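The structure appears right after this line, and notes come after that.
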Amino acid sequence: MEIASDGQNDRRSVTKVMAGVERILQSCKKMGPCEGKTGKAEESLRMKEITASTSIREILQACPSARRIFDKHGLHGCGGENGPAESLEFFASVHEADLGAILRDLNAEMQKPQQEPYVYQESLADYIYRRFFKWGIAIMLSLGGMWGVISLLQISLRKELLQPDLLPAIHAHAHAMIFGWVGLFVMGFAYQSFPRFKVTTLWRPRLANLTLYLMLCGILTRAAADVLQHGAAALALGSLSVIVELTAISLFILIILKTSARSLAPHNPYETLILSALAWFLIQAVFSGLFFFAQATAGSPEQTIFRIALLDAPLRDMQLFGFAALIIAGVSQRFVPVVYGLGKPEHDHQRLIFWLMNGSLVLDIASYMTLFMTGSRIAGFFLEAAYVLMPVWAVLLVIQLRVFKQPTQTDRSWKFIRAAYVWLLIAMVMMPLLMPYSAIEGEAFSHAFWGAHRHAFTVGFVSMMILGVSSRVVPILAGIDSKQLSSLWGPFVLLNAGCAGRVVLQVLTESFPGVAYPLIGLTGVIELSALAWWGVGLWHVMNLAKTHRASVLKAPIPIEAH
Ligand code: HEM
């Protein structure tokens, strides 16, 4: 078998998948195929009755024409040809479909299947997410991760957090992580899930595909421009990067809006969070270009430092609290409670969360820039007010999602989701403490404290959510039962340990530099190992979906009709 030569892991995955397939086929044998499958109407056995707990795969095995009913409710290619291993009840809850109505339709189809055979065909819109996810992993581990780890090791060796000669690499690292890691995962997930959430199909999949290559071109040219810093080549590459990234993001937003316009599904408050995240995605891309040109055209090292100090914090806050946090908040409302069976909150705070998230961010940016330019005490007061509002929205979001309630549907990904929200609370509680802490340390802004907060947010919250959501979604899309896959405890423990070490040690660089600096470099290596461990696993699952799984499942296995 082709996959067997790929290595030990693939062999184990295939064995597990084969075992799963065998179990499904055994259960199908007991139920017997529907008439449409055998063509022997009188002789064939029928599945007695489909219930809420019957898996979609069992239903499709017994009655392939039932796929039309699932497609009507948004299945479209999920789980590949054989469908996902999840139950019908899970499907109905995730797609917000009427379980009773689907059950009626399916049982009617079982009794009298349509004569026209269903021909399964995977389209670009069904597998586009794999390209985005794979490139996201590749950029996070290479440009993003390697640059982050090397910079941290240099900080550790030279025992100094603020080193001007490290700034180009740190900015290239941040750009690759925001646009390549977070951006590509968000785009891939949106192209795959948004049409299904809205019970419609993706508008212009080929155009969506083009946005991947535009983003990649932008990320690579910006990395080169950041490293070159000044001169004609840096300006040319920087300009190209800004143009293609803005084009990619504008097209992405257009595709999502056009897809939404095709849908007849009612508007839901979570979509407002997503729309504002998309607006911040575009705004931050414009600001990121400004940030680059402000540095590239600075006339002296002092001017460079001044411009970075003015623009860096607002840019990172737009990227992290505007784009990343809002998109995660929006997707979480739609995804987390239904997927993990957390139920509905007693009070719906979605609108309040929306206003607090956007309001605190606008106040933060405006007051920070005013404070920086004028030194006004009033601006300082408003900045602290913005920081105080941040843990408020984080707590409300956690209450809204009921993340600390006992879930009725657990999965290997659940620990990542819960940990992500713990990290969100830690990161946001640090915000109002930033100015008092800086004052105690005798600084305007403590870079150590600020950087520690940012790492809690970027790795603890944002990256942990990406790991959790994709570890739940990708096996479903690949048609693989996630219970047969690795529990992911290894990468989970390592990532949390690395992140906790970094956050604590970065704060301690001010009071205990002799202990904190030698150890802090190690935390980056631990985190990158965790991300690589997880990334290789997810890549394998995507490969199983792409080629091997289909051929494994298509192997002729006799099904006896009783
Ligand atoms: C492998 C794990 C990572 C390592 C070792 C790492 C390392 C670093 C280092 C050394 C800095 C500069 C120090 C500082 O300003 O505090 C930094 C800054 C930054 N990192 Fe990371 N990082 C990692 C993951 C991430 C991720 C996943 C993201 C985004 C989701 C991210 C986004 C940023 C941002 C936005 C900055 C600020 C850049 C600036 O000051 O302009 N990092 N990172």
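The shown structure was predicted, so the numbers you read here are calculated from the model rather than taken from an experiment. Start at 1 and go down the list; that is how both ligands and their atoms are numbered.
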Task: Atoms of ligand 1, numbered as shown, that sit under 4.0 Å from any heavy atom of Ser463 - done: 27 (C)
- [ ] Would you mind checking which non-hydrogen protein atom is closest to atom 16 (O) of ligand 1, with the distance to 0.1 Å?
- [x] Gln506 NE2, 2.9 Å
Open item on the list: Return the NZ to CG distance between Lys415 and Leu488, rounded to the nearest 0.5 Å.
Closed with: 6.0 Å
Task: Atoms of the protein (N/O/S only) found under 2.8 Å from atom 21 (Fe) of ligand 1 - done: His173 NE2
Open item on the list: With a sphere of 6.0 Å drawn around CZ of Phe512, does it hold more than 12 non-hydrogen atoms of other residues, nucleotides or ligands?
Closed with: no
TODO: Can you sort out which atoms of ligand 1 are near Leu152, meaning under 4.0 Å from one of its heavy atoms?
DONE: 10 (C)
Open item on the list: Is it true that, when you exclude Phe381 itself, more than 12 heavy atoms of the residues, nucleotides or ligands shown sit nearer than 6.0 Å to its CZ?
Closed with: no
Open item on the list: For the CE atom on Met146, are there more than 12 heavy atoms of other groups (residues, nucleotides or ligands in this structure) within a distance under 6.0 Å?
Closed with: no
Task: Set of residues satisfying ring-ring contact (aromatic ring centres under 6.0 Å, His included) with respect to Tyr387, sequence neighbours excluded - done: none
TODO: Please name all residues satisfying side-chain hydrogen bond (donor to acceptor under 3.5 Å, both in side chains) with Thr297, sequence neighbours left out, ordered by chain then number.
DONE: Arg307
- [ ] Could you go through the side-chain hydrogen bond (donor to acceptor under 3.5 Å, both in side chains) check for Arg222 and Ser288 one step at a time?
- [x] CA-CA 10 Å; Arg222 178 63 177 270; Ser288 167; 3.1 Å; yes
TODO: Would you kindly specify which portion of Val182 sits under 4.0 Å from ligand 1, judged on non-hydrogen atoms: side chain, backbone, both or neither?
DONE: side chain
Open item on the list: Yes or no: does His447 have any heavy atom under 4.0 Å from an atom of ligand 1?
Closed with: yes
Open item on the list: So, taking the atom named CE in Met140 and the one named CH2 in Trp534, what distance separates them when rounded to the nearest 0.5 Å?
Closed with: 5.5 Å
Task: Distance filter under 4.0 Å to Gly451 heavy atoms, resulting ligand 1 atoms - done: 16 (O)
Open item on the list: Please enumerate all residues that pass ring-ring contact (aromatic ring centres under 6.0 Å, His included) together with Trp135, with sequence neighbours excluded.
Closed with: none
Task: Close-contact set for ligand 1 against Gly524 heavy atoms, below 4.0 Å - done: 5 (C)
Open item on the list: Using heavy-atom distances only, which candidate in Gln319, Met146, Arg502 approaches atom 7 (C) of ligand 1 most closely?
Closed with: Arg502
TODO: Check the side chains of Ser413 and Tyr340 for a donor-acceptor pair under 3.5 angstrom, ignoring hydrogens and angles.
DONE: yes
Open item on the list: Using a 6.0 Å cut-off, check whether atom CD1 of Ile378 has over 12 heavy atoms from anything other than its own residue.
Closed with: no
Task: Of the listed options Val525, Asp312, Asp317, closest to atom 39 (C) of ligand 1 (non-hydrogen atoms) - done: Asp312
Open item on the list: I'd like to check which ligand 1 atoms, numbered from 1 as shown, lie under 4.0 Å from a non-hydrogen atom of Glu527.
Closed with: 2 (C), 3 (C)
